[in-house]
**Q** 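The structure's right below; bear with me while I get my questions together.
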Protein chains: 2
Amino acid sequence: MSTAAAPDRRSRRRQQTIDEILDVSVALMETEGVAALSLSAVARRLGMQPPSLYQYFPSKLAIYDALFQRGAEQIRDAQREARDGAEPADQLSAAMNAFSRWCMANQVLTQLLFWRPIPGFEPSPEAFAPAVEGLADLKAFLQQEVDSGQLDPRATSDDGIALFTAMTAGVLSQQMANEPQATFENGRFMKLMPVVLEMFYQRYQPTRGKEK
Amino acid sequence: MSTAAAPDRRSRRRQQTIDEILDVSVALMETEGVAALSLSAVARRLGMQPPSLYQYFPSKLAIYDALFQRGAEQIRDAQREARDGAEPADQLSAAMNAFSRWCMANQVLTQLLFWRPIPGFEPSPEAFAPAVEGLADLKAFLQQEVDSGQLDPRATSDDGIALFTAMTAGVLSQQMANEPQATFENGRFMKLMPVVLEMFYQRYQPTRGKEK
DNA sequence: GTCTATAACGCGATAGAC
DNA sequence: GTCTATCGCGTTATAGAC
């Protein structure tokens, strides 16, 4: 009962250690691969013994879960910052750029978020929540374009959103699989991102929108 | 020196064991995840001791390599069969369907081929060769459409091919990540495959092809 | 209570001797 | 083909230090 609410020095120190564990985990995954994360290696880097990590995370999968949540929050926030720094008419494009840029700069977390590379790992509802919010934001961006007459209302249907995410995920996954060392700016596939956006606008062009 | 060329009964038996190992490996990866393949589990299923597997494969990564090659060959052949069973005008679409259908039916191998889920695994040149052939086939399909006036010549440029593979890979990866239990026929994302094909034809429409 | 260490269990990949 | 052995892993139990 005494452990409930106590935002004192100790819990701050504890949170700091948790963040360090996550930082080191990401760093190791970057060099060794997402699925090659080793608790022993994390502990070594932190000057700890492996069992000590269990004070902070109940299992290895719990670390993956925390990383999933971290990544989803960062993507969501990157999109929102991009939105808040752009004119309404540019917000969809700005958010898409911010998303792509973040993914290229955080490929390890991107793999964890969008592929399923870890056997047995399913994100918890809490970890998944910010991802849902990010998707809701995307829907809002599309709705805004519908309201301003730039897109047909069908763009915000389930199919429209699925098409949008499939095309962006496709460019991204080709880029990461074939040219992972590239950046957002110079990637061979990355430069197709504006192209698929243009194709999306074309397909859901208003007033004379057509479907076969 | 006596082991060089001897296509007799023994080498047939040996090849049979190799195929069994690969079959069991795929079966286990289907239930446990691509990265969770365990040589001990494979050996158990085959009634062998784990070290015996090293008579057939020098390491676990060599098994992944053989599976990569197997998958690439099967995709290439599925595309070619689809091509040979279709009218020239339908061959691109038929090959795309055959490709998608194979991927949904062989998700484990698809992950191995198109994502990089195994730390330290890079396909060998021999394993990669059939994948290169499959890509060359795709280029030939596109060229055929260009020659028959259905597509602008730019469709076979590096950008055109990258766009084509990115869109198909995107639909596929969204389907596999979000609805892996679906089939080629009923997948929510899978039904976007004809849509992206239509969008591709639209973008590389000949005679009045335009680019911003 | 909170953190850390040590010891130990079971499992995995793999090398070497038979 | 097997058996034995080594090493590293995730994890648990336990006990001592702050």
Side-chain angles (χ1 to χ4, degrees), chain A residues 1-22 24-29 31-67 112 117-122, chain B residues 2-3 6 8-22 24-29 31-67 112 117-122:
Chain A
M1 283 188 174
S2 65
T3 64
D8 55 358
R9 312 106 207 136
R10 291 193 182 147
S11 73
R12 237 179 302 134
R13 175 104 188 84
R14 182 177 166 79
Q15 186 57 46
Q16 192 176 327
T17 307
I18 288 177
D19 289 339
E20 276 177 41
I21 293 172
L22 296 180
V24 169
S25 297
V26 170
L28 287 174
M29 288 192 286
T31 66
E32 303 298 323
V34 187
L37 176 62
S38 148
L39 293 193
S40 307
V42 172
R44 267 193 299 274
R45 280 250 197 141
L46 290 172
M48 283 179 162
Q49 293 301 318
S52 302
L53 294 174
Y54 283 74
Q55 281 287 326
Y56 304 95
F57 294 97
S59 73
K60 190 176 170 179
L61 291 186
I63 293 185
Y64 283 122
D65 201 56
L67 291 176
L112 195 60
I118 311 299
F121 169 61
E122 284 291 320
Chain B
S2 65
T3 63
D8 54 359
R9 311 106 208 137
R10 289 190 184 149
S11 74
R12 237 179 302 136
R13 177 103 189 85
R14 182 179 165 79
Q15 185 57 46
Q16 193 176 328
T17 306
I18 288 178
D19 289 340
E20 276 177 40
I21 292 173
L22 295 180
V24 169
S25 297
V26 171
L28 286 175
M29 288 192 286
T31 66
E32 304 297 324
V34 187
L37 176 62
S38 149
L39 293 193
S40 307
V42 172
R44 269 195 297 275
R45 280 250 196 140
L46 290 172
M48 283 177 164
Q49 295 302 317
S52 304
L53 293 174
Y54 285 76
Q55 287 285 325
Y56 302 95
F57 293 97
S59 75
K60 190 176 169 178
L61 291 186
I63 294 184
Y64 282 122
D65 201 56
L67 291 175
L112 195 60
I118 310 300
F121 169 62
E122 284 291 321

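When reading the values below, keep in mind they use all heavy atoms of this one structure, side chains included, and skip hydrogens, waters and symmetry mates. Here is the naming used below: chain letters follow the sequence lines, and residue numbers restart at 1 for every chain.
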**Q** At what distance, to the nearest 0.5 angstrom, does OH of Tyr64(A) lie from CD1 of Ile118(A)?
**A**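 Reported to 0.5 Å precision, the distance equals 3.5 Å.
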**Q** State which residues pass side chain to side chain contact (heavy atoms under 4.5 Å, CB included) with Ser52(A); sequence neighbours excluded, sorted by chain then number.
**A**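 In terms of side chain to side chain contact (heavy atoms under 4.5 Å, CB included), with neighbours along the sequence ignored, Ser52(A) is linked to Met48(A), Gln49(A).
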**Q** Looking at Arg14(A), does any N or O in its side chain come under 4.0 Å of the phosphate oxygens OP1/OP2 on dT2(C)?
**A**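 Checking Arg14(A) against dT2(C): no side-chain N or O falls below 4.0 Å of OP1 or OP2.
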**Q** Tell me every residue that passes side chain to side chain contact (heavy atoms under 4.5 Å, CB included) with Ala27(A), counting only those two or more places apart in sequence or in another chain.
**A**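 Counting only residues at least two positions away or on another chain, Ala27(A) forms a side chain to side chain contact (heavy atoms under 4.5 Å, CB included) with Arg45(A).
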**Q** Distance check, rounded to the nearest 0.5 Å: Gln16(B) atom CD versus Glu20(B) atom CD?
**A**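 Output value for this atom pair is 6.0 Å.
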**Q** Side chain to side chain contact (heavy atoms under 4.5 Å, CB included) for Leu67(A) and Ser25(A)? Distances and angles first, verdict last.
**A** CA-CA 9 Å; Leu67(A) 291 176; Ser25(A) 297; 4.2 Å; yes
**Q** Give each protein N/O atom lying under 3.5 Å from an N/O atom of nucleotides 16-18 of chain C, with the pair distance.
**A**
none

**Q** Pairs under 3.5 angstrom, nitrogen or oxygen only, protein versus nucleotides 11-13 of chain C, please.
**A**
| from | atom 1 | to | atom 2 | distance (Å) |
| --- | --- | --- | --- | --- |
| dA13(C) | OP1 | Leu39(B) | N | 2.7 |
| dA13(C) | OP1 | Lys60(B) | NZ | 3.4 |
| dA13(C) | OP2 | Leu39(B) | N | 3.0 |
| dA13(C) | OP2 | Ser40(B) | N | 2.9 |
| dA13(C) | OP2 | Ser40(B) | OG | 3.0 |

**Q** Could you state the CZ-C1' distance from Arg13(A) to dC3(C), rounded to the nearest angstrom?
**A**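 Going from Arg13(A) (CZ) to dC3(C) (C1'), I get 10 Å.
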**Q** Just to be sure I understand the rule, does Thr17(A) reach a base, reach only the sugar-phosphate, or reach nothing, if contact means heavy atoms closer than 4.0 Å?
**A**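 No contact.
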**Q** To the nearest 0.5 Å, tell me how far Tyr56(A) OH sits from Leu46(A) CG.
**A**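 Nearest 0.5 Å value for the OH-CG distance: 9.5 Å.
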**Q** With Gln15(A), which residues qualify under side chain to side chain contact (heavy atoms under 4.5 Å, CB included), at least two apart?
**A**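 Partners of Gln15(A) by the side chain to side chain contact (heavy atoms under 4.5 Å, CB included) criterion, ordered by chain and then number, come out as Ile18(A), Asp19(A).
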**Q** When all nucleic acid strands are considered with a 4.0 Å heavy-atom cut-off, which category describes Gln49(B): base, sugar-phosphate, or nothing?
**A**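 Counting heavy atoms under 4.0 Å across all strands, the contact made by Gln49(B) is with sugar-phosphate only.
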**Q** Tyr64(A) OH to dG10(D) P: how many Å, rounded?
**A**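 Interatomic distance, OH of Tyr64(A) to P of dG10(D): 9 Å.
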**Q** Over all strands shown, is Tyr56(A) touching base, sugar-phosphate only, or nothing at heavy-atom distances under 4.0 angstrom?
**A**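 Sugar-phosphate, backbone atoms only, no base.
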**Q** Run the side chain to side chain contact (heavy atoms under 4.5 Å, CB included) test against Glu122(A) and tell me which residues pass, sequence neighbours left out.
**A**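 Side chain to side chain contact (heavy atoms under 4.5 Å, CB included) list for Glu122(A), sorted by chain: Arg116(A).
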**Q** Taking CD1 from Ile18(A) and P from dT2(C), how many angstroms apart are they, rounded to a whole number?
**A**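 The answer, rounded to whole Å, is 13 Å.
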**Q** Looking at every heavy atom in both Val34(A) and Pro117(A), which two are closest together, and how far apart are they?
**A**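 Scanning both residues, the minimum pair turns out to be CG1-CG, 4.2 Å.
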**Q** Separation of Glu32(A) atom CD from dG8(D) atom C1', in whole Å?
**A**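 From Glu32(A) CD to dG8(D) C1': 14 Å.
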